[in-house]
Amino acid sequence: MFQETKVKAEETQVQQYIHQFTDAIISYIPNVLKAILILIAGIIIIKIFRRVITGLMTKAADHDPTLLKFVLDVATWILRAFIFVAVIGALGVETTTFAAAIGAAGIAIGLSLQGSLSNFAGGLLIILFKPFRVGDYIEAQGQGGTVNSIQIFSTKLITSNNQVVYLPNGTLSNNTIKNFSQEELRRAEVVLSVGYGSDLKQVKDVIKATIKSDSKILTEPAPGIEIKALAENSVDLVVFLWAERPKYGAMVSDFYENIKSAFDQAGIEIPYPQRDILVKNPDKK
């Protein structure tokens with residue numbers, strides 16, 4: 001009899017637990033539905049926001065795809081954070097305590113990732129002040145290449161021999177950057193050496209004729225020829241040549257080839273270092 005009473009009591013207690021659990025689930029369903037609605041609405045809002053911002057920035061005259069991507073990424077993650085807090089609040093979680101925990105974790109993570117935060121700030125400065133753009137050829141930190149992409153933490157370069165180089169944005173934004181693509185025209189300084197016996201007037205006339213024969217060399221700004229130095233074995237001249245940026249490399253290469261042929265035809269010597277060696281014969285008295 002006692003055993004039967006004990007079993008019935010246990011069954012009654014289990015039934016109470018089941019009822020309590022069922023009631024809790026039923027009472028919690030509105031919160032779950034509310035959280036789902038907030039999540040769906042948030043996803044839709046983010047999509048609409050990205051579409052609107054993309055449309056507005058694309059219509060701008062100075063539209064910059066890199067800046068657009070950066071703004072969209074940062075804004076999207078901020079909106080996602082707000083939506084996440086709203087969803088857990090709808091589920092009944094105390095958001096004040098949760099936000100404080102996130103803040104404390106953020107401080108700890110920030111202290112451990114100071115270098116990454118510096119790179120993030122550097123990327124922001126590069127995107128805002130635009131010392132270079134995607135497609136520009138730059139030299140920085142001993143590296144040179146075409147900018148392939150400006151990412152949040154680093155800048156990706158493709159070198160002339162098709163290697164990929166990643167430069168940290170923090171260091172990049174705080175050091176010297178040489179941009180070869182911002183100006184439409186480039187000037188070359190070509191150094192030529194002739195022998196001391198050469199007629200300098202003839203040398204200059206040959207150089208001017210060679211310049212005039214190459215259509216890649218611009219007449220404005222005007223080319224220039226100056227005596228650079230009276231060296232140990234030669235008279236050194238520097239020739240200033242201007243060209244459009246895409247034609248710069250070909251212009252310099254062609255000028256070297258053409259001036260060598262012109263000097264040879266005119267009999268102008270291109271000297272090279274020479275030394276007189278005196279050999280003494282110890283047996284000769």
Side-chain angles (χ1 to χ4, degrees), residues 131-133 135-147 157-165 167 171-172 174-285:
F132 55 83
R133 297 172 181 264
D136 287 355
Y137 187 92
I138 66 170
E139 284 185 359
Q141 300 180 46
Q143 302 290 339
T146 302
V147 179
L157 301 184
I158 306 296
T159 65
S160 56
N161 55 355
N162 204 36
Q163 293 179 336
V164 178
V165 177
L167 301 179
T171 308
L172 184 61
N174 288 306
N175 285 277
T176 302
I177 302 170
K178 185 183 291 187
N179 191 327
F180 294 86
S181 302
Q182 282 189 344
E183 299 296 331
E184 292 300 321
L185 304 181
R186 286 190 61 184
R187 190 182 79 168
E189 298 182 7
V190 179
V191 177
L192 302 175
S193 299
V194 297
Y196 273 98
S198 301
D199 183 348
L200 292 182
K201 183 178 183 307
Q202 180 194 19
V203 171
K204 289 185 177 182
D205 289 340
V206 171
I207 294 174
K208 290 177 182 178
T210 304
I211 292 173
K212 190 175 181 181
S213 66
D214 191 343
S215 60
K216 293 186 291 297
I217 301 175
L218 300 176
T219 56
E220 287 295 333
I225 306 172
E226 297 180 0
I227 303 296
K228 181 180 181 181
L230 299 177
E232 184 177 356
N233 300 295
S234 63
V235 177
D236 295 340
L237 301 92
V238 58
V239 183
F240 302 104
L241 306 172
W242 289 87
E244 295 175 358
R245 176 166 39 84
K247 301 178 181 179
Y248 175 84
M251 181 268 290
V252 173
S253 176
D254 290 350
F255 179 76
Y256 275 121
E257 181 178 349
N258 295 335
I259 199 64
K260 173 64 169 60
S261 299
F263 278 1
D264 290 344
Q265 292 177 6
I268 298 173
E269 178 191 4
I270 301 177
Y272 52 88
Q274 301 182 39
R275 294 290 184 270
D276 292 331
I277 300 176
L278 177 61
V279 180
K280 292 185 178 181
N281 188 350
D283 296 332
K284 186 176 180 180
K285 296 181 181 180

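Small disclaimer: the values here were computed from a predicted structure and weren't measured. Numbering starts at 1 and runs along the sequence shown.
Residues meeting the salt bridge (charged side-chain N to carboxylate O under 4.0 Å, His left out) test with E220, sequence neighbours left out: none. Under the rule for a side-chain contact (heavy atoms from CB on, under 4.5 Å), the partners of I177 that lie at least two apart in sequence or sit in another chain are P131, F132, I138, A140, L172. Applying the side-chain hydrogen bond (donor to acceptor under 3.5 Å, both in side chains) test to E183 and every residue at least two apart in sequence or in another chain returns nothing. Remark: E189 pairs with R187 by the side-chain hydrogen bond (donor to acceptor under 3.5 Å, both in side chains) rule, at least two apart or across chains. Residues satisfying the salt bridge (charged side-chain N to carboxylate O under 4.0 Å, His left out) test with D205, not counting sequence neighbours, are K201. Under the side-chain contact (heavy atoms from CB on, under 4.5 Å) criterion, E139 pairs with Y137, K178, F180, sequence neighbours left out. Every side-chain hydrogen bond (donor to acceptor under 3.5 Å, both in side chains) that N161 has, sequence neighbours left out, goes to T159. Every side-chain hydrogen bond (donor to acceptor under 3.5 Å, both in side chains) that S193 has, sequence neighbours left out, goes to D236.
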Which donor-acceptor pairs under 3.5 Å do side chains of residues 248-259 form with protein atoms, sequence neighbours excluded?
{"from": "D254", "atom 1": "OD2", "to": "K216", "atom 2": "NZ", "distance (Å)": "2.8"}
{"from": "N258", "atom 1": "ND2", "to": "D254", "atom 2": "O", "distance (Å)": "3.1"}

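Scanning all heavy atoms of the two residues, the minimum distance from L241 to P223 falls at CD2-CB, 4.3 Å. The two residues Q141 and L167 make their nearest non-hydrogen contact at NE2-CB, 4.2 Å. Across every non-hydrogen atom of T210 and A262, the tightest pair is OG1-CB, 3.6 Å.
Side-chain contact between V147 and L157: present, with at least one pair of heavy atoms (C-beta onward) separated by less than 4.5 Å. Side-chain atoms of I158 and V164, non-hydrogen and from C-beta on, do get closer than 4.5 Å to each other. For the pair V239/I211, a side-chain contact is recorded, criterion being any heavy-atom separation below 4.5 Å from C-beta on. Considering only heavy atoms from C-beta on, L185 comes within 4.5 Å of P221 through its side chain.
Rounded to the nearest 0.5 Å, atoms NZ (K212) and CD1 (I217) are 13.0 Å apart. Atom OG of residue S181 and atom CZ of residue R245 lie 5.0 Å apart, to the nearest 0.5 angstrom. Here the straight-line distance linking atom CD1 of I227 with atom NZ of K204 works out to 5.0 Å at 0.5 Å rounding.
Counting only residues at least two apart or in different chains, ring-ring contact (aromatic ring centres under 6.0 Å, His included) contacts with residues 228-247 are absent. For residues 188-224, the set of pairs meeting the ring-ring contact (aromatic ring centres under 6.0 Å, His included) definition, not counting sequence neighbours, is empty. Sequence neighbours left out, the pairs with a member in residues 259-268 that pass salt bridge (charged side-chain N to carboxylate O under 4.0 Å, His left out) are K260-D264.
For N175, the CG atom counts as densely surrounded, since its 6.0 Å shell holds more than 12 non-hydrogen atoms of other residues, nucleotides or ligands.
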Could you go through I225 and V203, starting from their C-alpha distance and side-chain angles, then the distance that decides it, and tell me whether this counts as side chain to side chain contact (heavy atoms under 4.5 Å, CB included)?
CA-CA 10 Å; I225 306 172; V203 171; over 6 Å; no

